[in-house]
Amino acid sequence: MSTEQPVVTTTTAPGQNIKWSYMDHWTMRSPSGWVTPQHGVQYADRFYKQLAGIGFQGVDPFEFRLLAQSELFGSAKKAEEFARDRGIERFVNMFVAFYDDRTHLAETHDALLKNFENKVRMYDGITLDSYIVMPVSRYWLVEPVTDDKIKTMAEGWNRVGKMLKSHGIKLSCHHEFYCALHSKEEIDTFYAHADPEYVGLFIDTAQHEIVGIDSTDLYLQYADRVTGFHFKDTHHVDTVDDYKTPPDPERAASTTDRWFWEMGTAEGLVDFPKLMQALKDKNYTGWLTVEHDKADIGGANYAESTARSKWYIDNVLSPIYS
């Protein structure tokens, strides 16, 4: 069956302050089992139509998924055009996957810069607001985390961020709960050394809540350098140092097999209405991103989690600030 579709033009309502993007973790059923949208044209077609159908305007791809789409459609630009023809306005931010994240070692910085220069050339066909990075490796690979190591990390990202800004792209640092920059003290030390002109903060509400950081308080402290958000929830705070668990605390933690949940669950810990009010008070405008990590754990699925989150956006968050 043909998947050719007429071009759909998306519009922004007058006075609208917030647009919603979706971070692509999606999987779906196929005759060969569970697959990602990049598995074939028909799956990408279903993915973008479902997102546009419930009102998402943008998509944030992982770099490895964007590369797969580039192979599927011929280029990143053609992949974005395919999404646009199905109602998605554009690709907004890219979560970067391929680089040496041992940034606490100064000898890695020259290669790090060259790596990101190559990415700029590779994705020249699309206009991305931001490259999102985990600014350093997992905690257990870096500890002890010292002020000197944190300063070294900041120096490396200052170089990358300066280069990206010259191409009109923001550098956004995203702090996973198992990252060697995860506590409030570590984050504050990092941003004290990172140049605010070149290094931005991308707030992931669940990741910070797991560490015991209130996302709204963090936003209000760093509002001038916040470049975006991942809106997702958690039911757990790490009180036993699960963040140090090798090789991957998200999959091998002692306390839970599912860290992340969609907005709107009764057990959720993130105060999203409070954060939405803060965004309104600070006149934040632009894109917010919904993310679901491992939403298929325990028999759930991405389509359900995404629809539940969009219901929550439309009925709880948008009345506060849209």
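Values in this document were obtained by computation on a predicted structure and should not be read as measured data.
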Could you please spell out the steps behind the side-chain contact (heavy atoms from CB on, under 4.5 Å) verdict for F202 and L171?
CA-CA 9 Å; F202 202 97; L171 174 68; over 6 Å; no
Within the structure provided, determine whether K184 and L218 are in side-chain contact (heavy-atom separation under 4.5 Å).
yes
In the structure I gave you, are the side-chain heavy atoms of D314 and K310 within less than 4.5 Å of one another anywhere?
yes
Would R159 and L112 count as a side-chain contact (heavy atoms from CB on, under 4.5 Å) if you check the C-alpha gap in whole Å, the side-chain angles of each, and the deciding distance to 0.1 Å?
CA-CA 9 Å; R159 294 176 63 189; L112 181 74; over 6 Å; no
Just wondering, more than 12 heavy atoms not from K282 lying within 6.0 Å of its NZ?
no
Counting N and O atoms only, with roles assigned by atom type, does the side chain of T285 sit under 3.5 Å from a partner on the main chain of I18, one being a donor and the other an acceptor?
no
Nearest heavy-atom contact between H104 and L141 is NE2-O, 4.4 Å
Counting only heavy atoms from other residues, nucleotides and ligands, does the tally under 6.0 Å from CD of E185 exceed 12?
no
Is R86 close enough and on-axis enough to F82, meaning under 6.0 Å and within 45°, for cation-pi?
yes
Does a sphere of radius 6.0 Å around NZ in K294 hold more than 12 heavy atoms from other residues, nucleotides or ligands, not counting ones at 6.0 Å or beyond?
yes
Strictly by modelled atom types, are T289 and D60 linked by a side-chain donor-acceptor pair under 3.5 Å?
yes
Nearest heavy-atom contact between R90 and R84 is CB-NH2, 4.5 Å
In Å, rounded to the nearest 0.5 Å, how long is the span from OG1 of T227 to CZ of F229?
9.0 Å
Residue pair G200 / Y191: nearest heavy atoms and the distance that separates them:
O-OH, 3.6 Å
Indicate yes or no for a side-chain donor-acceptor contact from S322 to the backbone of P319 under 3.5 Å, with no hydrogens or angles considered.
no
Spacing of L275 atom CG and K280 atom NZ [to the nearest 0.5 Å]
14.0 Å
Has D224 got a side-chain atom pairing as donor or acceptor with V226's backbone, closer than 3.5 angstrom?
no
Mind checking whether H175 and H208 have parallel, tilted or perpendicular rings, split at 30° and 60°?
tilted
Mind running side-chain contact (heavy atoms from CB on, under 4.5 Å) on D24 and Q38 for me, showing each step along the way?
CA-CA 10 Å; D24 176 14; Q38 295 77 39; 2.9 Å; yes
Does T108 use its side chain to pair, donor to acceptor, with the backbone of R102 at less than 3.5 Å?
yes
Below 4.0 angstrom, N of the basic side chain to O of the carboxylate: do D110 and K114 qualify?
no
I126 and L66: CA distance, side-chain angles, deciding distance, side-chain contact (heavy atoms from CB on, under 4.5 Å) verdict:
CA-CA 11 Å; I126 56 177; L66 183 55; 3.8 Å; yes
Residues Y139, Y178; criterion ring pair (Phe, Tyr, Trp, His ring centres under 6.0 Å); working and verdict:
CA-CA 6 Å; Y139 206 96; Y178 54 85; over 10 Å; no
Between H39 and S30, does any side-chain donor sit less than 3.5 Å from a side-chain acceptor?
no
Have T256 and H236 got a donor and an acceptor in their side chains that come within less than 3.5 Å?
yes
Please find the pair of heavy atoms, one from G268 and one from D233, that lie closest to each other, and give the distance.
CA-OD2, 3.1 Å
Quick check: F231 with Y312 (ring centres under 6.0 Å apart)?
no
Spell out, as yes or no, whether a donor-acceptor pair under 3.5 Å connects the side chain of Y123 to the backbone of K77.
no
Check S305 against E262 and note the closest heavy-atom contact, atom names and distance.
OG-OE1, 3.1 Å
Less than 3.5 Å apart, any donor N or O on the side chain of D281 or Q277 sitting next to an acceptor on the other?
yes
Donor-acceptor pair, S318 side chain versus I313 backbone, under 3.5 Å?
yes
Look at the rings of Y22 and F56 and say which category their plane angle falls in: under 30° parallel, 30 to 60° tilted, over 60° perpendicular.
perpendicular
Please check this pair: side chain of W157 against backbone of P135, looking for a donor-acceptor N/O pair closer than 3.5 Å.
yes
Report yes if some heavy atom in the side chain of Y302 is under 4.5 Å from a heavy atom in the side chain of D296; otherwise report no.
yes
Flag the pair L51 / F47 as yes when at least one side-chain heavy-atom distance between them is below 4.5 Å, and no otherwise.
yes
Output the distance between atom CZ (F260) and atom CG (D204), rounded to the nearest 0.5 Å.
6.5 Å
Which heavy atom of D129 sits nearest to which heavy atom of N93, and what is that distance?
CB-OD1, 3.7 Å
Return the orientation label for the W259 and F177 ring planes: parallel under 30°, perpendicular over 60°, tilted otherwise.
tilted
What class does the angle between the rings of F116 and Y131 fall in, given that below 30° is parallel, 30 to 60° is tilted and above 60° is perpendicular?
tilted
Can you find a side-chain donor-acceptor pair between Y99 and E63 that sits under 3.5 Å?
no
Look only at the side chain of R138 and the backbone of D248, and say whether a donor-acceptor pair between them is shorter than 3.5 Å.
no
Counting N and O atoms only, with roles assigned by atom type, does the side chain of N158 sit under 3.5 Å from a partner on the main chain of D195, one being a donor and the other an acceptor?
yes
Answer whether the closest heavy-atom distance between the side chains of H292 and R308 falls below 4.5 Å.
no
Does the side chain of L181 reach to within under 4.5 Å of the side chain of I150, using non-hydrogen atoms?
yes
For the side chain of Q50 and the backbone of R46, is there at least one donor-acceptor N/O pair under 3.5 Å apart?
yes
